[in-house]
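Every chain is numbered from 1, with letters handed out A, B, ... down the list of sequences. This structure is a prediction, so every number in the text was calculated from the model and none was measured.
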Protein chains: 2
Amino acid sequence: MTDDIRDTVDGVIGALADPTRRHLLDLLATHGEVTATTLAEQVPVSRQAIVKHLAVLEAAGLATSRKSGREVLYAVRPDALNATARWMTALATEWDRRLAAVKRIAEAAERDSR
Amino acid sequence: MTDDIRDTVDGVIGALADPTRRHLLDLLATHGEVTATTLAEQVPVSRQAIVKHLAVLEAAGLATSRKSGREVLYAVRPDALNATARWMTALATEWDRRLAAVKRIAEAAERDSR
DNA sequence: TTCATGTGCAACTCAAGGATTGCACATCGG
DNA sequence: CCGATGTGCAATCCTTGAGTTGCACATGAA
């Protein structure tokens with residue numbers, strides 16, 4: 001159940017951890033559907049490296065691939081990113097909540113000590 | 001300016017990419033202030049490894065350290081996480097926007113072809 | 001002071017993954 | 001059919017980073 005989310009988050013964060021992959025996502029987002037070969041012309045790495053990155057992005061749910069004739073078109077895919085963003089927001093909120101609780105307790109203790 | 005955000009995001013995502021570090025953050029969030037030695041008792045890795053992880057987390061702005069006598073207490077720090085969550089939400093929204101635009105254009109072309 | 005406990009620094013091991021290269025296979029255009 | 005272009009697969013190199021170990025230093029408690 002919630003393990004799905006954990007897996008999603010795990011994959012997305014792992015995929016986003018690499019700068020080259022983030023760059024590729026930017027290119028995909030701006031250019032729409034593109035092939036790995038096209039991307040290779042705009043990035044200082046080999047086509048093969050890009051194919052691997054795209055595979056990681058696709059496995060993480062951040063990209064989709066579609067075959068059109070002899071070429072493969074890749075595009076961005078927002079769902080997993082959205083889910084991860086929500087997860088992160090919830091986590092940050094949780095941290096805020098806990099820290100606020102700790103602070104309240106500390107202030108209460110401070111008050112008692114006087 | 002916005003490079004600050006990029007650096008923050010870069011650090012946070014890089015820090016969150018490691019499962020052990022995410023686990024440490026969970027422990028910090030639940031236990032409040034703890035020492036590296038205490039954390040080492042609850043995680044199957046050495047204290048030194050944990051110290052390194054905590055250093056990464058602190059560099060990423062996800063944790064703070066405070067010296068109390070001879071021990072060092074670590075705690076969670078929500079700001080950078082919040083900023084990254086907002087960045088990610090904005091990015092996802094941007095993707096949605098672009099995909100919606102592409103879809104509109106495709107539908108218009110479809111309509112014209114009939 | 002003396003012992004125990006907690007940190008810090010440094011060198012080292014080792015596996016993971018980013019990147020390249022070479023070649024074989026598929027597909028489109030002439 | 002045939003050359004050109006785009007993909008896929010596999011072996012390899014090499015850097016990065018997670019983890020360990022050993023030891024020196026600092027601080028608290030007896």
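Note that the two end axes of the helix from dT1(C)-dA30(D) to dG30(C)-dC1(D) enclose an angle of 30°, each drawn from 5 base pairs, rounded to 10 degrees.
Evaluated for a side chain to side chain contact (heavy atoms under 4.5 Å, CB included) with Val34(B), the options Leu73(B), Leu24(B), Leu28(B) yield exactly one hit, Leu28(B). Screening Thr89(A), Ile5(A), Asp10(A), Val12(A) against Thr84(A) for a side chain to side chain contact (heavy atoms under 4.5 Å, CB included) leaves a single residue, Val12(A). With His53(A) as the fixed residue, the side chain to side chain donor-acceptor pair (under 3.5 Å) test singles out one of His23(A), Arg21(A), Gln48(A): Arg21(A).
Close to dA18(D), at under 4.0 Å from its OP1 or OP2, lies a side-chain N or O of Arg21(B). Here Ser46(B) does not reach the OP1 or OP2 of dG19(D): none of its side-chain N or O atoms lies under 4.0 Å away. Checking the phosphate oxygens (OP1, OP2) of dG19(D), a side-chain nitrogen or oxygen of Thr20(B) falls inside 4.0 Å. Between dG19(D) and His53(B), a contact under 4.0 Å exists linking OP1 or OP2 to a side-chain N or O. Between Thr37(A) and dT7(D) there is a side-chain N or O to OP1 or OP2 distance below 4.0 Å.
With hydrogens and angles left out, the side chain of Gln48(B) and the base of dG8(C) share a donor-acceptor pair within 3.5 Å. Below the 3.5 angstrom threshold, one finds no donor paired with an acceptor across the side chain of Lys52(A) and the base of dG17(C).
Distance Leu39(B) CG to dT7(C) C1': 14 Å, rounded to the nearest Å. Note: CG (Leu54(A)) to P (dG8(D)) measures 10 Å, nearest angstrom. As rounded to whole Å, 14 Å separates atom C1' of dT7(D) from atom CD of Glu58(A). Whole-Å rounding puts the Arg47(B) CZ to dT21(D) P distance at 13 Å. The distance between atom NZ of Lys67(A) and atom P of dT7(D), rounded to the nearest whole Å, is 10 Å. In this structure, the OH atom of Tyr74(A) is 9 Å from the C1' atom of dT7(D), given to the nearest Å.
Residues Thr35(A) and Glu71(A) have side chains that never bring a donor and an acceptor to within less than 3.5 angstrom of each other.
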Determine, stepwise, if the pair Trp95(A) / Leu25(B) fulfils side-chain contact (heavy atoms from CB on, under 4.5 Å). CA-CA 10 Å; Trp95(A) 287 9; Leu25(B) 286 174; 3.9 Å; yes
Could you go through Arg77(B) and Leu62(B), starting from their C-alpha distance and side-chain angles, then the distance that decides it, and tell me whether this counts as side-chain contact (heavy atoms from CB on, under 4.5 Å)? CA-CA 5 Å; Arg77(B) 200 188 186 191; Leu62(B) 292 171; 5.8 Å; no
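Note on Arg97(A) versus Glu94(A): salt bridge recorded, some NZ/NE/NH1/NH2 to OD/OE distance being below 4.0 Å.
Both Arg70(A) and Val56(A) lie near DNA chain C, and the one whose nearest nucleotide falls closer to the 5' end is Val56(A).
Residue Glu71(A) is in sugar-phosphate contact alone, with no base atom involved, counting any heavy-atom pair closer than 4.0 Å across all strands shown.
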